[in-house]
Undergrad: 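Got a structure for you, written out below as structure tokens; questions coming shortly.
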Amino acid sequence: MIGAIGFTFPAVLAALALLPLIWWLLRLIPPRPQTELFPPLRILARLVKKEETPAKSPWWLTALRLGLTALVILALARPILNPQSELASGDGPLLILIDNDWSAAPDWDDRVRTAQALIAQAGDQGRPVALAPTVAGPAATVQLTDAGAAADMLGAIQPIAGRAERDATLARLLAATETADAPPVLAMIDTGLAEPDGEALNDRLAGAGLSGLLRFTATDRDLVAITAADNRTDGFALSLARTPAAAETASVALYDSRERLLGRGETTFEAGAAETIITFDIPFELRNDIATARIDDAPHAGAAFLLDENNRRRRVALLTGLAGDEAQPLLSPLFYISRALAPFADLIEPRTGDLSVDVPEMIDQGPAMIVMADIGVLPAAAADRIDEWLAAGGTLVRFAGPRLAASAQDDPYLPVTLRAGERALGGALSWSEPQAVAAFAAESPFAGLEAPRDVTVTRQILAQPDADLADRTWASLADGTPLVTGVRRGEGAIVLFHVTAEATWSNLPISGTFVDMLRRITDFARNTEPGQAPVTAAAESTAALPPLRILRADGTLAIPAAHVRPLDAEADARPGFENPAGLYGTPEGFVARNVLARDETLTAFAPAPPGLDVAEQSLVAEDEADLSGWLFLAAFVLLIADTLAVLWINGRLSFGTAPRRRAPASAAIALAAGLVVIFGAGTSRADDTRPGDDLILDALETTRIAYVLTGDRTVDETTRAGIDGLTRFLASRTAFEPGAPVGLDIEADELAFYPLIYFPMSAQGDMPSETAVARLDAYMQNGGTILFDTRDQLTGSFTDGATPETERLRDILGGLNVPPLEPVPPDHVLTKAFYILENFPGRYAGSPLWVEASALDDGRADRPVRSGDGVTPIMITGNDLAAAWALDDAGRPLHAIATADPLQRIYAFRSGVNIMMYMLTGNYKADQVHIPALLERLGQ
């Protein structure tokens, strides 16, 4: 080893000792003297002189030849850049456990390289390999395979925003080696972070019968993650955790649902501290708009924290019909309510005491909940505003009292019909003893709370028994009488506590359960903003929530993959393969699931199984690179230079006017130019082709499919592979043989050479400039077609702005002259251009394909296809066509289809064929001349 370079055959380097001998020989063998042709007189003059020959070769020629010899010796020694030593020795099977959880994303490439090196060495040794990721489905199976199959499996593994399950993964690996002849060797490529199953993992390792344990992990991992968010009264606070090697400062940004920046701040960890809190002092309205918090320059899921309604502070308005006594605050009707709500809600108190004035003023501030303590009759002005507020989604919470009991029969703002008067429990005139609170029913919004044992009720108001009373009862007493009732009203809800808000009728308000009950009600209440409807806690706790958006391991939101399952009440609290971190529910109501739990720390993982030594190594940071080819190339170049030098010294290389002298020079120049072309062509790529002046003829002779380079490397690579896969499919199924796909810089490259340009939307890519958009518009106006693909499976209008990709498309379309659009009708030429199709799926199948709306439709039933003038200049889909077309060099798909239909990929390729045939033939199949033949072929 010499630094980062190792030599496969180091013994060859001994030949470098011959360089002094070669130098001495070169000095003894000078080059041939130069011969010149002169007139006869000059030749005779030279004959008189004593013949002279050079005593030695020029120093620069000697140095050139010594350098050439040294390069050949070094090339024969086969130097390797970043050589990998033997990572795993032994004769038994090689087991590879690789962490692919949220923290593996920043150095995932290094982990893959390490696994590839292990698999390659096992293949050279003829050892079987078993590979298993630590974030996998419960039905995942592991088996011993050869190195080639293991390498293919490794290519399909991707990091997931979930938590590692190392013990369960090790159990699957060991089960695959039960019939092995020799003890296996385990290689753990872990993230260095501890998980709760660490103790169980050590016990399993100790009894696994391994012949060796290797651990590959990055040293000094620099990770900072968000563990909790609190929407406090004094601001929005985030709790951060870090690894010991992380920087002491962290910058955090807050974004709304449309990725607009709402705030940014920086925090500093105290020396040696693993946790810190950063607080943002921003207005209440902006705090409730926060959808995501992200740590800057931290590409992993732990640096992104998703928020839902549980993280939003509610406004709660407090009203009472009884004035409080400042000298006796404990008797105030709102004292216990305000103390219970203050930690997680912003309280609005009345200004004047006049309900006709205070209620409208409070509603104008958009409260999520209004609490009324013993208010019997509402003024007409206040009642009208309450009706509107309930219809918009407000939650009205009322507490009983003498005033409410006196006017209950005529009160429209109660969830149940009440009996007149009050019910007294206990005392000399009552047969009933004070009642305790019964256990909360499973369908109640209070389900999961423990019924307080020390709470009793001595007075309450009673509900009239009817058929709906049981469905509207949220909590009851031990004798079955309702304690809390509730009902939906419009988009809002009305809740009634059948006891007072202070401790005169019951000691419930001074219990901890009272705080929990109010918190539950507040959680499902929503600030009354347009378009927001409340979602009951019961629905959230019992119904399975479909995945809405899933967090990638790099911290960005994406469309859920096929393996993501709905989130139900019995799902593991730790995110995993089936329920990774993300948003679950619907746009109207969803639950956020993050990778780290509150108060969780990032502690180091140190496997220490009893009786088994752990050999620790670093991750493979770079791939091996064989330098011998480059050294041979350099030696060849020096050989060419040596040849040219000798020709020049001997007078055979001249640029005179005589043809005999010009020929060797011309040949040498042609040889050098040929070498440049040969070796330069080897470094070019198909997608790097740019149509300049020297390539115009080639571009005109060969039809190619072009795509837009977005600047997002992942999207661009998928698009290139997809267009290449479609090109191969077209060549195998049709007479059309397109050339290699071309990636376009739409701001600089010529667009007119291509009949179709595929434009994938990427929110992480660069937004096209006004110049680029103007060039796209000119391309469309002059007969070109652009296929926009949002890749988000849009099902409605693409102008709704549901995803960042759709937002990007809408911004681009704002600068284009877009014609009226419609989903492809059943009789459109596109449906019959080559294959007969009903829809145009890609990786997804839920999005329609939008094209220019046809202005000509005579309604003739005997016409097989709709006629139209020209070809649509624009197509829009969200089905991610390129991902479905993408193939590797062996013709295998690079991306899985998002549905269970095994034929969807075939139909995706057929959709691409129809689109290209439509681009090349236009409305050929709608031509009147061909209708008889078409009708005959269609069997009509």
Side-chain angles (χ1 to χ4, degrees), residues 316-324 332-334 337 348 350 352-363 367-424 445 457 459-477 481-502 504-506 508-509 517-518 521 525 528 534 536:
V316 179
L318 305 180
L319 291 170
T320 179
L322 178 66
S332 170
L334 299 177
I337 295 175
I348 306 173
T352 65
D354 183 352
L355 293 178
S356 62
V357 176
D358 291 336
V359 170
E361 286 184 353
M362 289 179 168
I363 291 178
M369 189 165 72
I370 295 178
V371 179
M372 294 184 178
D374 193 19
I375 292 181
V377 179
L378 288 172
D384 292 341
R385 294 300 305 276
I386 289 288
D387 288 334
E388 298 174 359
W389 176 75
L390 286 171
T395 301
L396 177 62
V397 180
R398 304 190 68 179
F399 284 84
R403 292 171 178 77
L404 180 61
S407 60
Q409 288 75 18
D410 301 325
D411 196 328
Y413 302 108
L414 293 174
V416 294
T417 303
L418 299 180
R419 294 181 182 181
E422 309 160 11
R423 176 199 186 196
V457 175
R459 188 179 295 270
Q460 67 172 147
I461 55 177
L462 292 176
Q464 289 282 6
D466 56 30
D468 297 329
L469 180 59
D471 294 334
R472 299 182 180 185
T473 300
W474 291 9
S476 59
L477 299 180
T481 57
L483 174 64
V484 181
T485 54
V487 68
R488 294 291 297 271
R489 181 71 60 84
E491 294 294 335
I494 299 177
V495 183
L496 172 64
F497 281 78
H498 292 238
V499 294
T500 57
E502 79 286 341
T504 55
W505 288 18
S506 169
L508 176 64
M517 295 170 74
L518 287 181
I521 298 173
T528 49
T536 64

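Nothing here was measured: the structure is a model prediction, and the numbers come from that model.
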Undergrad: Output the distance between atom CD1 (Ile337) and atom CZ (Phe497), rounded to the nearest 0.5 Å.
TA: 8.5 Å
Undergrad: Which residues satisfy the side chain to side chain donor-acceptor pair (under 3.5 Å) test with Arg472, sequence neighbours excluded?
TA: none
Undergrad: Is there a side-chain contact between Leu414 and Leu404, using heavy atoms and a 4.5 Å cut-off?
TA: yes
Undergrad: So, for Met362 and Ala317, which heavy atoms are closest and what is the spacing to 0.1 Å?
TA: SD-CB, 3.4 Å
Undergrad: Does some side-chain heavy atom of Ile375 sit less than 4.5 Å from a side-chain heavy atom of Leu355?
TA: yes
Undergrad: Is the closest side-chain heavy-atom distance between Ile370 and Met372 below 4.5 Å?
TA: yes
Undergrad: For Arg488 and Gly492, indicate whether the former's side chain and the latter's backbone hold a donor-acceptor pair under 3.5 Å.
TA: yes
Undergrad: Go through the steps to decide whether Leu318 and Val316 satisfy the test side-chain contact (heavy atoms from CB on, under 4.5 Å), and finish with yes or no.
TA: CA-CA 7 Å; Leu318 305 180; Val316 179; 3.9 Å; yes
Undergrad: Please lay out, stage by stage, how Glu502 and Leu334 fare under the test side-chain contact (heavy atoms from CB on, under 4.5 Å).
TA: CA-CA 7 Å; Glu502 79 286 341; Leu334 299 177; over 6 Å; no
Undergrad: Answer yes or no: is there a side-chain heavy-atom contact under 4.5 Å between Met517 and Leu508?
TA: yes
Undergrad: CZ/Arg398 to CG/Asp411 distance, rounded to the nearest 0.5 angstrom?
TA: 4.0 Å
Undergrad: Say you draw a straight line from CD of Glu361 to OG of Ser356; how long is it, rounded to the nearest 0.5 Å?
TA: 9.5 Å
Undergrad: For a 4.5 angstrom cut-off between non-hydrogen side-chain atoms, does Val495 reach Trp474?
TA: yes
Undergrad: Starting at CG of Leu396, measure out to CE of Met369 and round the result to the nearest 0.5 Å.
TA: 10.0 Å
Undergrad: What distance do Thr485 atom OG1 and Ile494 atom CD1 have between them, rounded to the nearest 0.5 Å?
TA: 10.0 Å
Undergrad: Is there side-chain contact between Trp505 and Pro402, with heavy atoms separated by less than 4.5 Å?
TA: yes
Undergrad: May I have the step-by-step check of side-chain contact (heavy atoms from CB on, under 4.5 Å) for Val371 and Leu518, ending in yes or no?
TA: CA-CA 10 Å; Val371 179; Leu518 287 181; 5.8 Å; no
Undergrad: I'd like to check the side chain to side chain donor-acceptor pair (under 3.5 Å) partners of Asp387; sequence neighbours left out, ordered by chain and number.
TA: Tyr413
Undergrad: Report yes if the side chains of Leu496 and Val484 come closer than 4.5 Å at any heavy-atom pair, otherwise no.
TA: no
Undergrad: Please answer whether the main-chain N or O of Ala400 pairs with a side-chain N or O of Asp374 as donor and acceptor at a distance below 3.5 Å.
TA: no
Undergrad: Of all the heavy-atom pairs spanning Trp389 and Thr395, show the shortest one and how long it is.
TA: CH2-O, 3.0 Å
Undergrad: Going through the distances and angles, do His498 and Leu418 end up as a side-chain contact (heavy atoms from CB on, under 4.5 Å)?
TA: CA-CA 10 Å; His498 292 238; Leu418 299 180; 3.9 Å; yes
Undergrad: When you compare the side chains of Gln460 and Ser506, does any donor N or O come within less than 3.5 Å of an acceptor on the partner?
TA: no
Undergrad: Looking at every heavy atom in both Pro360 and Arg385, which two are closest together, and how far apart are they?
TA: CB-NH1, 3.6 Å
Undergrad: Pairs of donor and acceptor atoms involving the side chains of residues 461-471, under 3.5 Å and at least two apart or interchain, shall be tabulated with distances.
TA:
from, atom 1, to, atom 2, distance (Å)
Asp466, OD1, Asp468, N, 3.1
Asp466, OD1, Leu469, N, 2.8

Undergrad: Got Leu483 and Val499 here, is their nearest side-chain heavy-atom distance under 4.5 Å?
TA: yes
Undergrad: Kindly give the heavy-atom pair with the smallest separation between Ala475 and Thr473, and that separation in Å.
TA: O-CG2, 3.5 Å
